[in-house]
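Taking it in order: structure first as C-alpha cells, then the write-up.
Counting starts at 1 for both ligands and their atoms, following the listed order. Keep in mind that what you see is a predicted model, and the values were worked out from it rather than measured.
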Amino acid sequence: MNLTSPKTIRQIQDKFGFTFKKGLGQNFLTSRDVLEEIADAAEIDGGVMEIGPGFGVLTQELCERAEKVVSVEIDERLLPVLDYTLKEYDNVKIIHGDVMKLDLRELIKKEFGEQKISIAANLPYYITTPIITRLLEEKLPVNNIIVMVQKEVAERLSAREGTKNYGAITLLCRYYTEPEIITKVPASLFVPPPKVDSAVLRLRVLDEPRVKVKDEKVFFKTIKAAFSQRRKTLLNCLSGAFPIAKEDIMGLLTKAGIDPKRRGETLSIEEFAKVSDMLE
Ligand code: SAM
C-alpha cells in the first residue's frame, strides 16, 4: 500500500470516512524521498518510538528498518485506519494517547527494556516546542531524535550564536544534542498542504551534556534571563533575574572576561556555563 500517493490517501479517507483535523496538525507527508531521509537520519539500531503516525506512512518505513516500532497517536479515529495500513507488519504497536500526557520513560522501559532507542516524528506543529523540551529535559534513553518541524523552528533549534535565530531553546538543544538540519521540505509535499514550509531536524543526543555546569537550574535560569529582553545588555537582564547587586554581577562578568554590555545572543554555550557557575 503506497501511502505517499495522494490517490491512496483519498481512497483511505473514503473507506473510513476520515476528514483531517487541523487542530491536531494532520498534514500527511507524500514524499518517499523525504521518508527515506528521515529513516536514514534516525540511524535505527533496534527500537523506534514514533509520535503521530497519521495513516502510517512513516510508520511503514520505520517497520521495514527497526526491530520494533511503538507509535503514539492521539486521534482515536486513526486506530482502525492503522490496523488496516499496517496489517503486514508484526513489529509495530500503536498506543492510543496524548504524547504530552504519557509517562515516556515508563513507556520506553516497558516496550524496549534497557535498550536506547531513536524517536522519529512528523510532529504536529502546535506542540513542537513543548514536546522537544520534554524529550530533552527528561533525559530519556534515546540516541537520536528526528523530527519534521516548521522550517523556522528547525533554524532556531540549530542556530549559531550571534544570529537572530539563536535563543534559549537553541541552547537547550545544544546542551543535550548535536542539532542538524537534514533537509528542507516544501509545504506542497503534504496533504493537505500546511501554510508553512518544513524541515527535518536531527538532534543526536550526546553521551554527556556539552558543557559541565555546577547547577543545571541556575544554568537555564541564566539563559532564560539573558534572552528575556533581547535589546537589554547581559548585565541588565541578569540583575533583574538574580538577587545579586548590579555592581557584583558586573564584577563577576568582568572577572570571567565577558563584557557586561554584551547581549545574550552573542554568548556561546561555554560562556553561559562560565557565567552561571559564577552566579550559583
Ligand atoms: N506521521 C504522519 C505523516 O508523516 O504523514 C502524520 C503526521 S501529522 C503532521 C501529525 C500526527 O500527530 C497526526 O496523526 C495527529 O493526529 C497526531 N497528533 C497530534 N497531536 C498529538 C499528540 N498530542 N499525541 C500524539 N499524537 C498526536
>> Tyr175 vs Phe272, test: ring-ring contact (aromatic ring centres under 6.0 Å, His included). Steps then yes/no.
In response: CA-CA 11 Å; Tyr175 182 65; Phe272 271 114; over 10 Å; no
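- Close approach to Gly25 involves these atoms of ligand 1, each under 4.0 Å from a residue heavy atom: 8 (S), 9 (C), 10 (C).
- Protein heavy atom in closest approach to atom 18 (N) of ligand 1: Ile74 CG2, 3.6 Å.
- Each of the atoms 1 (N) of ligand 1 lies under 4.0 Å from some heavy atom of Glu50.
- Atoms of ligand 1 found under 4.0 Å from any heavy atom of Gly97 (numbered from 1 in listed order, with element): 24 (N), 25 (C).
- Residue Met1 places its CE atom among more than 12 non-hydrogen atoms of other residues, nucleotides or ligands, all under 6.0 Å distant.
- Each of the atoms 3 (C), 4 (O), 5 (O) of ligand 1 lies under 4.0 Å from some heavy atom of Leu29.
- More than 12 heavy atoms of other residues, nucleotides or ligands shown are found within 6.0 angstrom of CG on Asn143.
- At the shortest separation from atom 4 (O) of ligand 1 among protein heavy atoms lies Asn122 ND2, 2.8 Å.
- Listed by number with element, the atoms of ligand 1 under 4.0 angstrom from any heavy atom of Val72 are 25 (C), 26 (N).
- Between Phe55 and Phe18, the gap from one ring centroid to the other is short of 6.0 Å.
- Listed by first and then second residue, the ring pair (Phe, Tyr, Trp, His ring centres under 6.0 Å) pairs that reach into residues 117-143 come to none, sequence neighbours excluded.
- Among all non-hydrogen protein atoms, the one lying nearest atom 19 (C) of ligand 1 is Leu24 O, 3.2 Å.
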